[in-house]
Amino acid sequence: MLTGRSPSTESVERARPDVAVIGAGPIGLAIAWRCAVRGLRVALHDPAPGSGASAVAAGMLAPVSEAYFGERQLTDLLVASAARWPAFAAELTEATGADLGYRTDGTLLVGLTGDDLAEARRLWAYQQGLGLPVTALRPTELRHHEPALAPRVRGGALAPTDHQVDPRMLVPALRTAAQRAGVALVPRAVDSLSDVDADLVVVAAGCGSAALTGLPVRPVKGQILRLRAPGGVAPGFRHVIRGYADGEPVYLVPRTDGEVVLGATVEERSDTGVTAGAVQRLLRAGVDLLPELAEYDLVEAVAGLRPGTPDNAPILGPLPGRPDVLAATGHHRHGIVLTPITADLIADLVVTGVPDPLLAPFGADRFDTPDRRARVAGGVRVPAGAVGVGAVGGFEPTMEEDRWS
């Protein structure tokens with residue numbers, strides 16, 4: 001347990017930090033902020049804050065439409081974190097005055113063809129069986145919600161509690177909140193845990209967490225497009241739309257400034273190149289669902305690396321044999337929605353030393369191996385040629401089914 005103190009940037013720079021957080025994506029920033037407002041001296045290490053997966057992410061807060069077979073404990077965590085988002089967003093806006101692009105219009109889940117709809121209904125039935133709010137809609141009811149949907153769309157459902165935020169607004173706001181609370185930003189890469197001098201270290205380095213901890217965090221590539229409605233007007237739809245178009249999983253996220261985020265591929269590879277095939281598939285699926293997108297400007301095509309784990313769930317809590325090192329990584333597709341609950345649970349653990357029961361299914365010990373313990377004991381270092389905290393460890397990727405994200 002760490003005793004809180006009155007935080008100030010000057011005191012952090014002059015004294016040994018109570019907590020060092022490695023990684024300044026939304027998870028690391030939020031943890032640093034939460035620890036600082038509890039009175040701890042906090043140093044946040046990252047040479048390029050906000051340059052990882054969050055710079056590419058669409059920002060869907062989707063515990064319902066992300067509920068997937070065999071992931072009940074993860075779904076419970078997603079639902080719990082989404083419930084914290086309204087208060088979290090309000091607190092962050094109050095602390096910074098920043099607009100986060102937080103919207104509560106809900107999500108429409110759609111199937112273009114009969115086969116698409118059959119696949120979607122199978123998943124909706126599972127989600128409804130968990131007691132999640134998913135309401136089936138006929139085609140006419142779908143177009144009542146979104147008249148711009150293609151006439152070919154065979155059916156769908158409404159998930160009213162699946163919302164959105166803009167990560168490109170969220171990350172700067174979190175950085176401002178953290179610095180105003182007294183967090184000291186250290187713009188240097190961390191190559192080894194032994195390079196960090198603090199009472200306690202939190203590793204929130206995304207894919208780079210593997211090289212620092214020996215944990216099985218692997219890169220999962222996602223390619224995503226950003227479109228813009230002509231004339232600078234808002235898009236012709238307001239709900240997030242997720243679904244299948246001739247078997248291609250796709251989502252469309254409208255922003256009030258006219259932007260539409262169209263994504264995303266799920267690829268077991270570690271490069272960040274944008275491919276013509278991925279752009280073609282995403283555009284075809286998006287236009288099939290919303291024909292007006294054919295007239296939108298294509299303003300960005302980009303790829304990022306999600307930090308995946310063997311069971312697709314995050315790794316939260318102390319490393320086995322290293323109570324002074326906490327992991328907050330492996331959030332895969334869920335980093336934005338899980339930001340509030342991850343920050344609260346890790347900050348509470350830092351301050352009290354007592355893990356919340358919510359952490360139990362996500363401990364690092366579920367992946368503990370003699371090899372990992374040996375690597376950490378010997379001082380795991382980032383492989384040669386790696387850059388900053390975004391470096392990728394040398395784990396063999398495992399295959400997973402394509403999802404709606």
Side-chain angles (χ1 to χ4, degrees), residues 26-27 30 53 57-89 104 106-111 119-136 156-165 216-217 220 222 239-244 249 251 253 263-264 266 306-317 327-346 355-364 366-367 398-405:
I27 298 293
M60 292 175 293
L61 311 176
V64 176
S65 48
E66 287 282 358
Y68 203 77
F69 304 105
E71 297 181 351
R72 177 60 187 269
Q73 291 174 320
L74 174 58
T75 297
D76 290 344
L77 191 70
L78 295 172
V79 170
S81 192
R84 300 187 188 206
W85 251 102
F88 180 79
T104 60
T107 295
L108 288 179
L109 314 172
V110 302
E119 179 65 20
R121 282 173 172 164
R122 177 171 161 263
L123 184 58
W124 301 339
Y126 168 75
Q127 293 162 346
Q128 290 171 332
L130 297 180
L132 299 175
V134 181
T135 303
L158 174 65
T161 59
D162 278 9
H163 300 155
Q164 65 152 300
V165 70
V217 180
V220 181
H239 295 82
V240 173
I241 295 175
R242 301 168 64 105
Y244 290 108
Y251 59 70
V253 183
V266 179
R306 311 170 181 94
T309 65
D311 60 6
N312 298 320
I315 304 172
L316 307 173
T329 188
H331 290 77
H332 201 198
R333 305 179 316 277
H334 310 302
I336 304 299
V337 67
L338 289 178
T339 292
I341 202 165
T342 299
D344 288 342
L345 294 176
I346 295 298
D356 189 289
L358 284 171
L359 290 171
F362 308 105
R366 74 189 195 272
F367 301 126
T398 57
M399 298 303 294
E400 65 166 21
E401 293 185 58
D402 283 349
R403 308 293 179 81
W404 283 15
S405 60

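All residue numbers in this chain count up from 1 along the given sequence.
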Qualifying residues under side chain to side chain contact (heavy atoms under 4.5 Å, CB included), relative to [X], sequence neighbours excluded:
X      : value
Phe362 : Gln73, Leu77, Ala313, Pro314, Leu316, Arg366
Ala57  : Pro167, Ile336
Thr161 : Val64, Pro133

Contacts of Arg72 meeting salt bridge (Lys or Arg N to Asp or Glu O under 4.0 Å) (sequence neighbours excluded), chain-then-number -> Asp76
With Asp344, which residues qualify under salt bridge (Lys or Arg N to Asp or Glu O under 4.0 Å), at least two apart? Arg34, Arg84
Should Leu130 and Thr75 be marked as a side chain to side chain contact (heavy atoms under 4.5 Å, CB included) after you check the CA-CA gap, both sets of side-chain angles, and the distance that decides it? CA-CA 9 Å; Leu130 297 180; Thr75 297; 4.2 Å; yes
Set of residues satisfying ring-ring contact (aromatic ring centres under 6.0 Å, His included) with respect to His239, sequence neighbours excluded: His145
Spatial distance of atom CG (Leu132) from atom CH2 (Trp124) [nearest 0.5 Å]: 14.5 Å
Can you confirm whether [X] sits close enough to [Y] that some side-chain heavy atom of one is under 4.5 Å from a side-chain heavy atom of the other?
X      : Y      : answer
Thr309 : Ile315 : yes
Tyr251 : Met60  : yes
Thr339 : Phe88  : yes
Ile241 : Thr107 : no

Taking side-chain hydrogen bond (donor to acceptor under 3.5 Å, both in side chains) as the definition, give me every residue that meets it alongside Thr342, ordered by chain and number, with sequence neighbours left out. His331
With Thr329, which residues qualify under side-chain hydrogen bond (donor to acceptor under 3.5 Å, both in side chains), at least two apart? Ser209
Identify the residue among Ile341, Leu61, Thr104 that makes a side chain to side chain contact (heavy atoms under 4.5 Å, CB included) with Trp85. Leu61
For residues Arg306 and Val266, report the shortest heavy-atom separation together with the two atoms involved. NH1-CA, 4.0 Å
